[in-house]
Amino acid sequence: MRYKTLGRTGITVSEICLGTMTWGSQNPESEAHEQLDYAVGQGINFIDTAELYPVTPLSAETQGLTEAYIGTWLKKRGKRDDVVIATKVAGPGRPYIRGGSPMSPATMRIALDESLKRLQTDYVDLYQLHWPNRGHYHFRNAWTYDPSKQDRAAVPAELLALLETLGEFVKAGKIRAVGLSNDTAWGTMTMLSLAEKHRLPRIASIQNEYNFLYRAFDLDLAEVSHHEDVGLLAYSPLAAGLMSGKYLNGACPQGSRLSINGDLGGRYTEYQEGAVAAYAELARTHGLDLAQMQLAFSLTRPFMTSVIIGATSIAQLKTNIGARDVRLSAEVLKGIGRLHRQFPAPI
C-alpha cells in the first residue's frame with residue numbers, strides 16, 4: 001500500500017480508502033467488521049463515512065448505523081490511533097436529518113457530537129461538509145446547474161460562519177482537519193481565502209465523484225488541487241458499480257445496488273451502456289479486470305489523494321484493493337484517452 005499526505009495537514013493516509021455507505025443496509029454489523037479487519041490487514045488506514053449513511057437505500061430508520069458499526073469496531077479492536085476516520089455533516093434536503101435544514105453553526109455542533117457518540121471516539125481526523133447549502137452540479141445536477149441566483153454577499157458570509165465553526169471544533173480537539181465534498185472550484189478557493197484571511201482551518205481535501213463516466217475534476221478543480229494542495233478523495237470510483245460491468249446488457253444481479261436504488265442515483269441511463277461496454281472491451285483486450293483498470297487509472301491521477309472503494313462482499317473488496325498492484329501500459333492509457341473523447345460525459 002502506498003500513502004499520501006492529506007493536504008498540508010501532515011496526516012498520512014493510504015491511497016485507497018475504505019468506503020462504508022452500504023453498512024447498515026446491504027451489510028450487517030458483522031460484515032462491516034470483517035471488511036474493516038481485512039482492509040486494515042491490507043494496509044488501509046483511511047476509513048470514510050458520514051452521518052447520512054447508509055444510502056442503499058437512504059432511510060430514516062437506518063441513518064447513522066454506518067458510523068455506529070465503525071464505533072463498535074473501534075471499541076472492540078482498540079485501533080483508534082492506527083486509523084484515520086473521516087465523516088461528514090449532511091447538507092440540506094434530508095427531512096429526517098434535523099428537518100432537512102441547511103448547515104449552520106448550531107446544526108453542525110449537534111451533528112458532530114452525534115457522530116462522535118456513534119463512532120465512540122473523542123475526535124474525527126477529517127470532518128467534511130457533505131454538500132454545500134448553496135447548491136452544486138454533482139448528484140446529476142450538471143444539466144440544470146445555475147449559480148446565477150446565489151446571493152453574492154450572503155454565500156461568502158455563510159461559508160465564513162461554517163469555517164469559524166470548524167475552527168471551534170479544531171480548537172476543542174474534536175476534529176483534526178477539514179474538507180469539502182461535492183463542491184466546486186469557486187467554493188474551494190473561497191474557503192481557502194477565508195481560512196487564510198481569518199486564520200481558520202485550511203481545507204485539506206475535497207471528496208467528489210470521479211470515474212471514467214464522470215471526470216469533471218480533470219478541469220478547474222485539478223488546477224486548484226495542484227496549486228493549493230487540496231487533493232481529491234474520489235467517491236463512486238466505479239460509478240455505483242457500472243464500471244464493474246455487472247450491469248451490462250440489462251443485467252441486474254439480485255441484491256445489487258441497482259436492484260435497490262433503481263437508477264444508481266441517476267447514473268443508470270441509456271447513455272452509459274455504450275461507454276461501459278467500450279471500456280469493458282478495452283479491459284478484455286488487454287487482459288485486465290474492468291474494475292481494476294478503472295481504479296488503477298484513478299490512482300495515476302496527479303490530484304488524487306485517495307480512492308474511496310466500497311464493497312458488499314470480501315471478494316469485491318479483494319478485487320478493488322488489488323488494483324493497487326495493477327500498472328497500466330501506455331497503450332491502455334491511450335485507449336482510455338480515446339474513449340474519454342468518445343464518451344466525455346455519459347452520466
Legend entry - Met243 reachable from Val326 in the ILVMFWY side-chain graph, under 4.5 Å edges: yes

Inset, instruction - Say whether Thr56 and Gln26, considering side chains only, have a donor N or O and an acceptor N or O under 3.5 Å apart. - result: yes

Inset, instruction - Before accepting this row, confirm whether a basic side-chain N of the pair Asp37/Lys79 lies closer than 4.0 Å to the acidic partner's carboxylate O. - result: no

Inset, instruction - Indicate yes or no: does Arg284 engage Glu281 in a salt bridge with an N to O separation below 4.0 Å. - result: yes

Inset, instruction - Report yes or no: do Ile308 and Val83 belong to one cluster of Ile/Leu/Val/Met/Phe/Trp/Tyr joined by side chain heavy-atom distances under 4.5 Å? - result: no

Inset, instruction - Spell out, yes or no, whether Leu129 and Leu194 are grouped together once hydrophobic residues are joined by side-chain heavy atoms under 4.5 Å, including indirect joins. - result: yes

Legend entry - Distance-only side-chain donor-acceptor flag, Tyr53 / Lys88, under 3.5 Å: yes

Legend entry - Met191, Gln207, His130 screened by side chain to side chain contact (heavy atoms under 4.5 Å, CB included) with Leu180, the one that passes: Met191

Legend entry - Backbone of Gly10 reached by a side-chain donor or acceptor of Thr5 within 3.5 Å: no

Inset, instruction - For the residue pair Glu67 and Thr49, confirm or rule out a side-chain donor-acceptor distance under 3.5 Å. - result: no

Inset, instruction - May I ask you to check whether over 12 heavy atoms, not counting those of Tyr271, lie within 6.0 Å of atom OH? - result: no

Legend entry - CD/Gln150: more than 12 non-hydrogen atoms of other groups inside 6.0 Å: yes

Inset, instruction - Answer yes or no: are there more than 12 heavy-atom neighbours, outside Asp122 itself, under 6.0 Å from its atom CG? - result: no

Legend entry - Test log, rule ring-ring contact (aromatic ring centres under 6.0 Å, His included), inputs Tyr210 and Phe303: CA-CA 11 Å; Tyr210 190 81; Phe303 46 73; 5.5 Å; yes

Legend entry - Any donor-acceptor N or O pair under 3.5 Å, side chains Arg80, Thr121: yes

Inset, instruction - Determine whether the side chains of Asn182 and Tyr235 contain a donor N or O and an acceptor N or O closer than 3.5 Å. - result: yes

Legend entry - Stepwise side chain to side chain contact (heavy atoms under 4.5 Å, CB included) check, Ile97 with Thr107: CA-CA 10 Å; Ile97 300 180; Thr107 61; over 6 Å; no

Legend entry - Residues Glu29, Lys76: salt bridge by 4.0 Å N-O rule: no

Legend entry - Arg94 and Gln63 side chains, donor-acceptor separation under 3.5 Å: no

Inset, instruction - Look at the rings of Phe297 and Phe212 and say which category their plane angle falls in: under 30° parallel, 30 to 60° tilted, over 60° perpendicular. - result: tilted

Inset, instruction - Evaluate whether atom CG of Asp218 has more than 12 neighbouring non-hydrogen atoms of other residues, nucleotides or ligands under 6.0 angstrom away. - result: yes

Inset, instruction - Taking the side chain as every heavy atom from C-beta outward, state whether Trp186 and Arg134 have any pair of such atoms under 4.5 Å apart. - result: yes

Legend entry - Side chains of Ser329 and Glu331, donor plus acceptor under 3.5 Å: no

Legend entry - Check: Gly24 main-chain N/O paired with Thr62 side-chain donor or acceptor under 3.5 Å: no

Inset, instruction - Verify the cluster assignment for Ile110 and Phe169: are they in a single hydrophobic cluster under the rule of side-chain heavy atoms below 4.5 Å apart? - result: no

Inset, instruction - Answer yes or no: is there a donor N or O on one side and an acceptor on the other, between the side chain of Ser14 and the main chain of Asn45, under 3.5 Å? - result: yes

